[in-house]
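Labels below follow one simple rule: chain letters A, B, ... track the order of the sequence lines, proteins then strands, and each chain is numbered from 1. Values below: every heavy atom of this structure, side chains too, minus hydrogens, waters and symmetry copies.
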2 protein chains.
Amino acid sequence: MKKYIPVLRRTQLFAGVGDEEILAMLDCLQVKAHSFRKGEYVFRQGEHIDDICILAEGRLSIQRDDYWGNRSIINMVETGEMFGEAYAAPGSEVMMNDVAAVEDSAVLFFNVKKILTTCSSACRFHSLVVQNLFFAISEKNRKLMRKLTHMSKRTTREKLLSYLSDEAKRQGRSSFEIPFNRQQLADFLSVDRSAMSSELGKMRDEGILTFQKNRFALL
Amino acid sequence: MKKYIPVLRRTQLFAGVGDEEILAMLDCLQVKAHSFRKGEYVFRQGEHIDDICILAEGRLSIQRDDYWGNRSIINMVETGEMFGEAYAAPGSEVMMNDVAAVEDSAVLFFNVKKILTTCSSACRFHSLVVQNLFFAISEKNRKLMRKLTHMSKRTTREKLLSYLSDEAKRQGRSSFEIPFNRQQLADFLSVDRSAMSSELGKMRDEGILTFQKNRFALL
DNA sequence: ACAAAACAGTTGTATTTACAACAGAAAGAA
DNA sequence: TTCTTTCTGTTGTAAATACAACTGTTTTGT
């Protein structure tokens, strides 16, 4: 478990917690690690979840496919980010989405009940971690709301501009990379890939933006 | 404050907390109440928020208007529900939406820092309330994700069916009321009201559903 | 280096939507 | 009641989208 400390140190969940305490908690919480190859599923729609998960390595896609094979990407999970927490809460319904590895990945599983129940031993950081959990899930909440504002736009162009300008603002610069290829971006914004591609071309011709691969610049 | 006990007793935030303890906490947390008339704003886009809010009476709409006057309704808040918690967390950005009273309403304001910081007096329920806060925000998270699945549908008909069948499932019956009139439902699903109205008519003619006012039945 | 697969852009067509304008029904106010 | 406002459904048209098919490019695996 020790090899994951450099990642965990930087996570929201363990903000303000020292290395030794993290190690102690990993032990106390009986954290489990598991590897996934590119394309494998971490969770499937309909599964019941008891664990809060942290991505220690790689990249995941939280997505959903409907009857007709239309894929909708809810979010990308980057190294160090948490996921699954919304479904791990006691009384939660089952997982509504798939979680798939888009790269070879490693995931750490934390049992929610153990996190929420202060143990008797030296884990005096439990209450801090619970607070961190609250902050983290708050931020995720806001992220979902931002995504809703993109999705509520009517046209492909508006959705693109809403997302890209938000991303520029978030990354604090007008030139930035996005964690999607074209098909993934289309699935994320729920638009047709080819229509989106042509719309991007038009916007480039109009001098609104430029792009190469997954690097965009707003002008 | 005593008059709000019957409402607060049933909230997620105070689940498992007795009446006397709630009263003690209201005092300890220096909770404030405020009334809003129909049409008034509780919060406005861009405001900074330090309080978790509970709607003690009435009904609110969490919404957003863009430059061109297009309104997007994120969610309706019913009596007893919590709101604002995602923006009240320390380090949060400012409010991204408007919160407007759609009926005469009363709101209770709880300072987040006071909730998260266990005080020295008799409020030994603080940790339970923090846990409740986590469960509540988890549920809201799932609600947002469900909304995203509706919004990710491409056509008005699919959005309607996604939302209505979800609502039927949630309420546990095939005949149910929704908290929207037609314009609000259109703003909630981000579609054109008239197109939605005509789509509803077609679906009724096809025998998929029936409706009178805001009561729908799936067949 | 080569073949296969994945990726990105383009175009044409049928479908669907947004928008505007209007009419009747229902709800609310005087 | 009567008048006014809000709400809901309908229709026609211009605009935007989804879908399919295809091309050339890039990436990947062997």
Review point. Which pairs, with at least one residue in residues 76-91 of chain A and sequence neighbours excluded, count as a salt bridge (charged side-chain N to carboxylate O under 4.0 Å, His left out)?
Key: R59(A)-E78(A), E85(A)-K140(A)
Practice item. State, to 0.1 Å, how close L185(B) and Y163(B) come at their nearest heavy-atom pair, and which atoms those are. Key: CD1-CE2, 3.7 Å
Exercise for review: To the nearest Å, give me how far apart CE (M196(B)) and P (dC19(C)) are.
Suggested key: 15 Å
Check your understanding: Please give, in whole Å, the distance from dA6(C) C1' to D187(A) CG?
Key -> 14 Å
Review point. Could you state the CG-C1' distance from D66(B) to dA18(C), rounded to the nearest angstrom?
Key: 14 Å
Review point. Thinking salt bridges, do R146(B) and E93(A) make one under a 4.0 Å N-O criterion?
Key: yes
Check your understanding: Between dT16(C), dA18(C), dG9(C), which nucleotide gets closest to the side-chain atoms of R182(A)?
Key -> dG9(C)
Point to revise | Nearest to side-chain heavy atoms of F211(A), which nucleotide of dC19(C), dG9(C), dA21(C) | key: dG9(C)
Point to revise | Nearest-Å distance for atom pair CD/C1', residues E199(B) and dT17(C) | key: 10 Å
Point to revise | Sugar-phosphate, base or nothing in reach of T155(B), heavy atoms under 4.0 Å | key: sugar-phosphate
Review point. Does NZ or CZ of R44(B) lie under 6.0 Å from the centre of the six-membered ring of Y41(B), at an angle within 45° of the ring axis?
Key: yes
Review point. After noting the C-alpha distance and the side-chain angles of R37(B) and E40(B), does the key distance pass the salt bridge (charged side-chain N to carboxylate O under 4.0 Å, His left out) rule?
Key: CA-CA 6 Å; R37(B) 316 225 80 188; E40(B) 278 191 300; 5.8 Å; no
Practice item. Would you mind reading off the distance between M203(B) atom CE and dT16(C) atom P, rounded to a whole angstrom? Key: 13 Å
Point to revise | N or O in side chain of R154(A) less than 4.0 angstrom from dA18(C) OP1/OP2 | key: yes
Point to revise | Salt bridge present between D65(A) and R71(A) (N-O < 4.0 angstrom) | key: yes
Exercise for review: Give the angle between the helix axes at the two ends of the helix from dA1(C)-dT30(D) to dA30(C)-dT1(D), taking five base pairs at each end and rounding to 10°.
Suggested key: 60°
Check your understanding: Is the shortest side-chain N to carboxylate O distance from E103(A) to K38(A) below 4.0 Å?
Key -> no
Check your understanding: At under 4.0 Å between heavy atoms, what does D192(B) touch on the DNA or RNA strands: base, sugar-phosphate, or nothing?
Key -> base
Study note, to complete from the structure: Walking DNA chain C from its 5' end, the first of K202(B) and Q183(A) to be reached, judged by nearest nucleotide, is Q183(A)
Review point. Just checking, is any N or O donor in the side chain of R64(A) or T149(B) under 3.5 Å from an acceptor N or O on the other one?
Key: no
Point to revise | Sugar-phosphate, base or nothing in reach of T156(B), heavy atoms under 4.0 Å | key: sugar-phosphate
Exercise for review: Take atom CE of M151(B) and atom C1' of dT17(C), then tell me their distance rounded to the nearest Å.
Suggested key: 15 Å
Point to revise | Whole-Å distance separating the CZ atom of R215(A) from the C1' atom of dC7(C) | key: 19 Å
Check your understanding: Within 45° of the ring axis of F176(B) and under 6.0 Å from its six-membered ring centre, is that where the NZ or CZ of K169(B) lies?
Key -> no
Review point. Is there a donor-acceptor contact under 3.5 Å linking the side chains of S190(A) and R154(B)?
Key: no
Check your understanding: chain B on DNA chain D: first and last contacting nucleotide, 5' to 3', under 4.0 Å to a heavy atom?
Key -> dC7(D) to dA18(D)
Point to revise | Euclidean distance, atom NZ of residue K213(A) to atom P of dG9(C) [Å, nearest integer] | key: 12 Å
